[in-house]
Amino acid sequence: MKVSTLLFAAASMAQASSLIPRQRASLCELYAYWSGNGYELLNNLWGKDAATSGSQCTYLNGASNNGISWSTTWTWQGAPDNVKSYPYSGRQVAKGRKISSINRMPTSVTWRYDNENVRANVAYDVFTAADPDHPNYGGDYELMIWLARYGNVYPIGTKERTVTLAGRSWDLWVGWNGAMRVYSFVVPSGTVKSFSADVKEFFRYLESNYQYPSSQQNLIVYQVGTEAFTGGPATFTVDNFSADLQ
């Protein structure tokens, strides 16, 4: 290899590594939280009390304005159909952003599991509500985009149809979580470990086909993570997650 090629390769590697500087944080307590560079990370063990045993820690690997890199390691046993946790990275959202006022919601994520013999999913989770001050653990509507489904776990509600959005097919499940209407777009088979899309496209579909009231709904959270049911030890790694509002 020529010296000039070596220098170019070294420069390219340095540029790539600068996108997500090597910040570090270990989050092992219930709801342990980190934020910075417009992103946030939560060790969200909201369902851990259903487990007979287990634990989970989430780790920040790096973050910049261009995205966040993180991982989470977990083991959970008991109540196999109950979600134990949803550790997530999210784009921080200013209050009062109506869905109708957002033209684009571009996002990308690359991820991997070191042990796929688990009961878990990998999914985007987006809450919206008429009240801009609604607590960030729920909303009037929930939009999920399931990129993987391990161990025969299922979304809330029933499968209504198969649709094509963001260049691929999804099974659309519709149901209720209490008073919150839930729409889950689920990859029919396999996994999508590298995903890029405009999430606003999914909202436009719901607006046209399910009377979703975009002019009345504020964006509450915009995040991606993994819902852990049982299994492990397993490590879920997000090599890079980025999201924006335009």
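The figures here come from the full heavy-atom set of this structure, side chains too, leaving out hydrogens, waters and symmetry mates. We're numbering straight along the sequence, starting at 1. All of these numbers come straight from a predicted model, not from anything done at the bench.
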Subject >> Set of salt bridge (charged side-chain N to carboxylate O under 4.0 Å, His left out) partners for Glu201, sequence neighbours left out >> reply: none

**OP:** Show your reasoning for whether side chain to side chain donor-acceptor pair (under 3.5 Å) applies to Ser108 and Ser242.
**Re:** CA-CA 5 Å; Ser108 67; Ser242 66; 3.0 Å; yes

**OP:** Please determine, by modelled atom types, if Trp76 and Thr230 share a side-chain donor-acceptor pair under 3.5 angstrom.
**Re:** no

**OP:** Please determine if Asp81 and Arg119 form a salt bridge, counting it only when a charged side-chain N lies under 4.0 Å from a carboxylate O.
**Re:** yes

Subject >> Lys/Arg cation over aromatic Tyr59: Arg24, 6.0 Å, 45° cone >> reply: no

**OP:** Would you kindly say whether Thr235 and Thr73 are connected by a side-chain donor-acceptor distance under 3.5 Å?
**Re:** yes

Original post:
Under 4.5 Å between any side-chain heavy atoms of Phe229 and Asn82, yes or no?
Top reply: no

Original post:
Do Trp111 and Thr237 have side-chain heavy atoms sitting under 4.5 Å apart?
Top reply: no

Original post:
Hey, are Arg181 and Asp140 close enough for a salt bridge, meaning a charged N less than 4.0 Å from a carboxylate O?
Top reply: no

Original post:
Taking atom CG of Asp171 and atom OG1 of Thr158, what is their separation to the nearest 0.5 Å?
Top reply: 11.5 Å

**OP:** Indicate yes or no: does Glu116 engage Arg149 in a salt bridge with an N to O separation below 4.0 Å.
**Re:** no

**OP:** Flag the pair Tyr141 / Pro213 as yes when at least one side-chain heavy-atom distance between them is below 4.5 Å, and no otherwise.
**Re:** yes

Original post:
Taking atom CH2 of Trp34 and atom OG of Ser89, what is their separation to the nearest 0.5 Å?
Top reply: 10.0 Å

Subject >> Smallest separation among heavy atoms of Tyr33 and Gln92, with atom names >> reply: OH-NE2, 3.6 Å

Original post:
Looking at CZ of Arg104 and CG of Leu245, how far apart are the two atoms once the value is rounded to the nearest 0.5 Å?
Top reply: 11.0 Å

**OP:** Under the side chain to side chain donor-acceptor pair (under 3.5 Å) rule, what do Thr162 and Ser169 come out as? Steps first, then yes or no, please.
**Re:** CA-CA 7 Å; Thr162 299; Ser169 294; over 6 Å; no

Original post:
Would Trp146 and Tyr154 count as a close aromatic pair, with their ring centres under 6.0 Å?
Top reply: no

Original post:
When you check the side-chain N and O atoms of Thr226 and Tyr113, is any donor under 3.5 Å from an acceptor?
Top reply: yes

Original post:
With distance as the sole criterion, is a donor-acceptor pair present between the side chains of Thr128 and Gln217 under 3.5 Å?
Top reply: yes

Original post:
Which heavy atom in Ala123 sits nearest to a heavy atom in Tyr86, and how many Å separate them?
Top reply: O-OH, 2.8 Å

**OP:** On the 0 to 90° scale, with breaks at 30° and 60°, tag the Phe203-Tyr212 ring pair as parallel, tilted or perpendicular.
**Re:** tilted

**OP:** Indicate whether any N or O donor in one side chain lies under 3.5 Å from an N or O acceptor in the other, for Thr72 and Gln56.
**Re:** yes

Subject >> Tyr137 with Trp176, same ILVMFWY side-chain cluster at under 4.5 Å >> reply: no

Original post:
To the nearest 0.5 Å, how far apart are OG in Ser214 and CD1 in Ile99?
Top reply: 8.0 Å

**OP:** Could you pull out the closest heavy-atom pair between Tyr31 and Leu42, with the gap in Å?
**Re:** O-CD1, 3.4 Å

Original post:
Which of these passes ring pair (Phe, Tyr, Trp, His ring centres under 6.0 Å) with Phe185: Phe202, Trp170, Tyr124, Phe195?
Top reply: Phe202

